[in-house]
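As structure tokens, the structure follows; a few thoughts come after it.
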Amino acid sequence: MHNKVLILDFGSQYTQLIARKIRSLNIYCEIHPFTISADKLYSFAPKAIILSGSPYSINNNETPKPDECIWQLGIPILGICYGMQLMVAHFGGKVQPSAKREYGLAYIKIIDHNELLADLGNREEVWMSHSDAISNLPECFSVLAETENSPYAAIAHNELPFYALQFHPEVVHTKNGIKILENFLYRIVNLTPDWTAGTFINKSIEKIRSQVGDKKVILGLSGGVDSTVTAALLYRAIGKQLLPIFVDTGLMRYREADRVKETFSAYPDLNIRFVDAGETFLNKLKGITDPETKRKIIGGTFIEVFDKVASEFEDVHFLAQGTLYPDVIESASLTGPSATIKSHHNVGGLPDNMLLELIEPLRELFKDEVREVGTLLGLPESIVQRHPFPGPGLAVRILGEVDAQKVNILQLADEIFISELQENGLYNKTWQAFVVLLPVRTVGVMGDERSYEQVCALRAVDSVDGMTATFSQLPFQFLQKVANRICNEVKGISRVVYDLSSKPPATIEWE
Ligand code: XMP
């Protein structure tokens, strides 16, 4: 990949958005912490650098600063918010706390439609979020745009290819932000948009083949988007050398194993090993009600079962995982991974005695890119657009103790909700939706008889990455239909409620 852009992360909440916007312009980019060494920077060989925003103030002693070498590389640099202040301070300008803190929508007046702001109107809506501002602009810079409160909303160096913005072009509220990024990448840096799902697939296939040779690769297949796309890509590259293992924990969605079989029916020579471990998992969960203990038991049991099956194969040298780019960035971020509120167990650990090498073909991709790759590989839309599903599965959606009967009830209710969402064109409009079985019995009437059965809750949320979420505003008529069907068709449930909580303060799952 020649057209690479480096995003230096100074800790802004929007850094990932910059990367996603650049990728959407079909340019490859990577986020690295601002502490990246000069050596690493040279070997990455970016064609341009973007300096992100930051919660820090440039006038603080602890101010995060990049290696000075970035200013000597001779490549274009775009500073955003804190990145702008950093650039100005480097050239001897002054940054001070703003008289008036700017946060939210603002209008810029464009003074100079320089290449960076080409094709924009004279007045543009932008998103500001800063408490420091430039008070003294070095003479080597010119002003491209101003706002009522910021005389320096966009600037350009007079001789060097250095540009900076006080506002955030990466957020949706900056209406033509993407145009500004496009101008920077296409016009100023002169990049050709060559990062597409197709080129990614071709390059990955080559890379996988040369890495794997004639060895075998095992993979934990779960039915989710990431492991399914990983499997499809590996199959393209190495065919039958791929050995997928599907561990049915007995806590999965309705007919999940059959669905996986259907998905891969197009690859008849792919030998998926199905392991029905439902009883093992349910036995270990007997008497357990604490959510974190459930998670630990399920994670541990998964590793045991997976390792046992994996060790039966011969000649295995690799373990494939569906790791995505956000996981990679999170573990390398400035502040370390965000605080663990719930422990997450998706994949089994490496079997100790096997010394497997990891292979993670999706580790450069964002979720939307994984979906594009999946589509291009011919996977059905119903898989590619699937909602996320937690590793511990239905065990964290059955509040309290888990048993086979409750799993069965929940699977049926969940299937009704999900299939209704799909049939009514609402599935892709919600980020995640599912049913939760509550450990509460309630009185009802069924025919002439009094019933005393369980309550379930419908949960549907809108979100971007699951970190924050709001409940989905599904139409009442739709909810009524789902509730009627569940009460009529699922023996064991006689009352349905809808969850109106957002995250925070609630979480998406109930346990
Ligand atoms: P919460 O409930 O924390 O969920 O708001 C955020 C996202 O994470 C998923 N989730 C899990 N995924 N193992 C997983 O692999 C887990 O233990 C787990 N708990 C929550 C949840 O479904 C949502 O998409």
Side-chain angles (χ1 to χ4, degrees), residues 16 219-230 246-254 256 281 284-285 288-303 305-306 321-324 326-331 337-349 360 362 366-368 370-371 385-400 402 407 410-411 414 417-418 421 427-438 456-472 499-511:
Q16 271 203 39
L219 162 77
L221 196 57
S222 72
V225 180
D226 307 342
S227 69
T228 307
V229 175
T230 306
F246 178 89
V247 177
D248 189 343
T249 60
L251 303 163
M252 314 189 92
R253 283 167 284 195
Y254 182 68
E256 187 69 17
F281 279 86
K284 294 217 180 179
L285 286 171
I288 308 294
T289 52
D290 174 62
E292 279 304 284
T293 315
K294 285 184 190 175
R295 281 189 168 80
K296 295 224 160 74
I297 290 175
I298 294 165
T301 311
F302 185 93
I303 294 172
V305 175
F306 188 86
Q321 286 191 340
T323 314
L324 304 195
D327 311 326
V328 178
I329 312 171
E330 186 161 332
S331 54
S338 45
T340 310
I341 296 172
K342 294 173 181 177
S343 56
H344 284 203
H345 306 280
N346 261 336
V347 206
E360 299 173 309
L362 308 181
F366 286 108
K367 191 84 175 189
D368 40 348
V370 172
R371 295 199 156 110
Q385 294 301 336
R386 228 171 174 200
H387 289 169
F389 186 70
L394 301 183
V396 289
R397 294 179 180 170
I398 294 171
L399 307 199
V402 180
V407 171
L410 181 55
Q411 279 177 338
D414 193 69
F417 187 27
I418 297 300
L421 282 166
Y427 185 82
N428 289 348
K429 292 193 178 140
T430 54
W431 189 81
Q432 194 175 17
F434 51 89
V435 179
V436 184
L437 192 64
L438 309 189
C456 76
L458 307 181
R459 179 71 162 145
V461 293
D462 300 337
S463 177
V464 175
D465 51 12
M467 304 295 283
T468 59
T470 49
F471 72 87
S472 304
D499 182 350
L500 297 181
S501 356
S502 289
K503 172 184 182 175
T507 48
I508 296 175
E509 303 288 346
W510 277 43
E511 278 200 337

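Residue indices begin at 1 and follow the sequence shown. Indexing begins at 1, ligand by ligand and atom by atom, following the structure's order. From a predicted model like this one, the values you see are computed outputs, not experimental measurements.
- Taking the ring pair (Phe, Tyr, Trp, His ring centres under 6.0 Å) definition, one finds that F366 meets it with Y325, sequence neighbours left out.
- Counting only distance, with no hydrogens or angles, the side chain of D414 and the backbone of Q411 share no donor-acceptor pair below 3.5 Å.
- Not a single N or O atom of G466, backbone or side chain, sits closer than 3.5 Å to an N or O atom of ligand 1.
- In this structure D462 satisfies the salt bridge (Lys or Arg N to Asp or Glu O under 4.0 Å) test with no other residue, sequence neighbours excluded.
- If you run side chain to side chain contact (heavy atoms under 4.5 Å, CB included) between I288 and each of I298, V402, I297, only I297 comes through.
- Shown in contact with P392 at under 4.0 Å from a heavy atom are these atoms of ligand 1, numbered in order with element: 13 (N), 16 (C), 17 (O).
- Residue contacts with ligand 1: I508 is placed with a nitrogen or oxygen under 3.5 Å of a nitrogen or oxygen of the ligand (distance criterion only).
- When only interatomic distances are considered, the shortest N/O to N/O separation between K503 and ligand 1 falls below 3.5 Å.
- Using a 4.0 Å cut-off to heavy atoms of W431, the atoms of ligand 1 that qualify are 24 (O).
- With S463 contributing its side chain and W431 its backbone, the two residues share no donor-acceptor pair below 3.5 Å.
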